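Excluded from the calculations below are hydrogen atoms, water molecules and symmetry mates; all remaining heavy atoms, backbone and side chain alike, are included. From a predicted model like this one, the values you see are computed outputs, not experimental measurements. Protein chains get the first letters and strands the later ones, always in sequence-line order, with residue 1 at the start of each.
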Amino acid sequence: MAGELVGARLICDPGSALEVVAVIVEVEAYLGTSDPAAHAAAGRTARNCVLFGPPGYAYVYFIYGNHYCLNVSCMPAGEAGSVLFRALEPVLGAGRMARNRGLDVPPAGKAARLLTSGPGRLCQAFAITRQRDNGKDLVAPGSGLSIMDDGFRVPAIAATPRIGITKAADRPLRYVIAGNRFVSGKR
DNA sequence: TTATAGATTGCCT
DNA sequence: GGCAATCTATAAT
């Protein structure tokens, strides 16, 4: 299920000087055409066609005129289930993430979460854009952007209602590492 | 063709 | 706590 991605790592440009690594600490599941909150609910369009393809591919979309969000398709071709990445915890390359977000140095202490806490922020930290990353294979190494599950089992994953949506907002499809300070939202 | 809502963030008071 | 920024898809003229 979607919660298995929590605790895995998101890696950009491995092996290069630009390498950036972060642990996935918060995701949300979108169930496809049967989920009124999902982009796929209205059927296949030019924007969301990646969702209907094979699993493991990046679906990047632009929202509110300002922000990108990163999903990964997770259902067989023809079905549109996906997982939205909502927050990461930096492991390597925090300085580069900060620069991608227009900062000279990574924020420290309490403000550290500003780097990757939130779907728009994490995309900016990884310099993810629709043009560059939409449709990328996140499972195959060498694509420049990939998910690596190192097998680490997170001790406590909590399921909560999804955030920022107006339809079907009561379903507990958001998975977070309990107590992790990079999880988005208050506190 | 024009209008409006949206899986957000950051800067304003 | 409120609102502007301004891309994409869909609904309404």
For this session: In sequence, state the C-alpha distance, the side-chain angles, and the governing distance for A:R174 and A:T160, and then conclude on side chain to side chain donor-acceptor pair (under 3.5 Å).
Result: CA-CA 5 Å; A:R174 172 173 174 254; A:T160 77; 2.9 Å; yes
For this session: I would like to know whether A:F62 and A:H67 meet ring pair (Phe, Tyr, Trp, His ring centres under 6.0 Å); could you show each step before the answer?
Result: CA-CA 6 Å; A:F62 205 55; A:H67 304 287; 7.8 Å; no
For this session: Dump the intermediate steps for side chain to side chain donor-acceptor pair (under 3.5 Å) on A:E89 and A:T116, then the final yes or no.
Result: CA-CA 7 Å; A:E89 176 173 348; A:T116 54; over 6 Å; no
For this session: Give the C-alpha distance, both sets of side-chain angles, the deciding distance and a yes or no for salt bridge (charged side-chain N to carboxylate O under 4.0 Å, His left out) between A:E28 and A:R162.
Result: CA-CA 7 Å; A:E28 280 177 8; A:R162 293 180 292 187; 5.2 Å; no
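Between A:S82 and A:N71, the closest heavy-atom pair is OG-OD1, 3.5 Å.
Using a 4.5 Å cut-off on side-chain heavy atoms (C-beta onward), A:L31 and A:L173 make contact.
Remark: P of B:dG10 and CG of A:L122 are 12 Å apart, rounded to the nearest angstrom. Between A:L114 atom CG and B:dC11 atom C1' the separation is 13 Å, expressed in whole Å.
Using a 4.0 Å heavy-atom cutoff across all strands shown, A:R101 reaches sugar-phosphate atoms only and no base atom.
Pair check for C:dG2 finds B:dC11; Watson-Crick or G-U wobble, both atom distances under 3.5 Å. The nucleotide C:dA12 finds its pairing partner in B:dT1, both defining distances of the Watson-Crick or G-U wobble pair being shorter than 3.5 Å.
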Contacts under 3.5 Å, N or O only, protein and nucleotides 2-4 of chain B:
none

Polar pairs (N or O, both sides) under 3.5 Å between protein and nucleotides 5-8 of chain B?
residue	atom	partner	partner atom	Å
B:dG6	OP1	A:T166	OG1	3.3
B:dA7	O4'	A:Y30	OH	3.4
B:dA7	N9	A:Y61	OH	3.1
B:dA7	N7	A:H39	NE2	2.7
B:dA7	N6	A:H39	N	3.4
B:dA7	N1	A:N71	OD1	2.4
B:dA7	N3	A:Y61	OH	3.2
B:dT8	OP1	A:R86	NH1	3.4
B:dT8	OP2	A:G164	O	2.9
B:dT8	O2	A:H67	NE2	2.9

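Qualifying side chain to side chain contact (heavy atoms under 4.5 Å, CB included) partners for A:D13, counting only residues two or more places apart in sequence or in other chains: A:S16, A:L18.
For the C1' atoms, the distance from C:dC3 to B:dA5 is 16 Å, rounded to whole Å.
Heavy-atom neighbours of A:D150 CG from other residues, nucleotides or ligands within 6.0 Å: above the threshold of 12.
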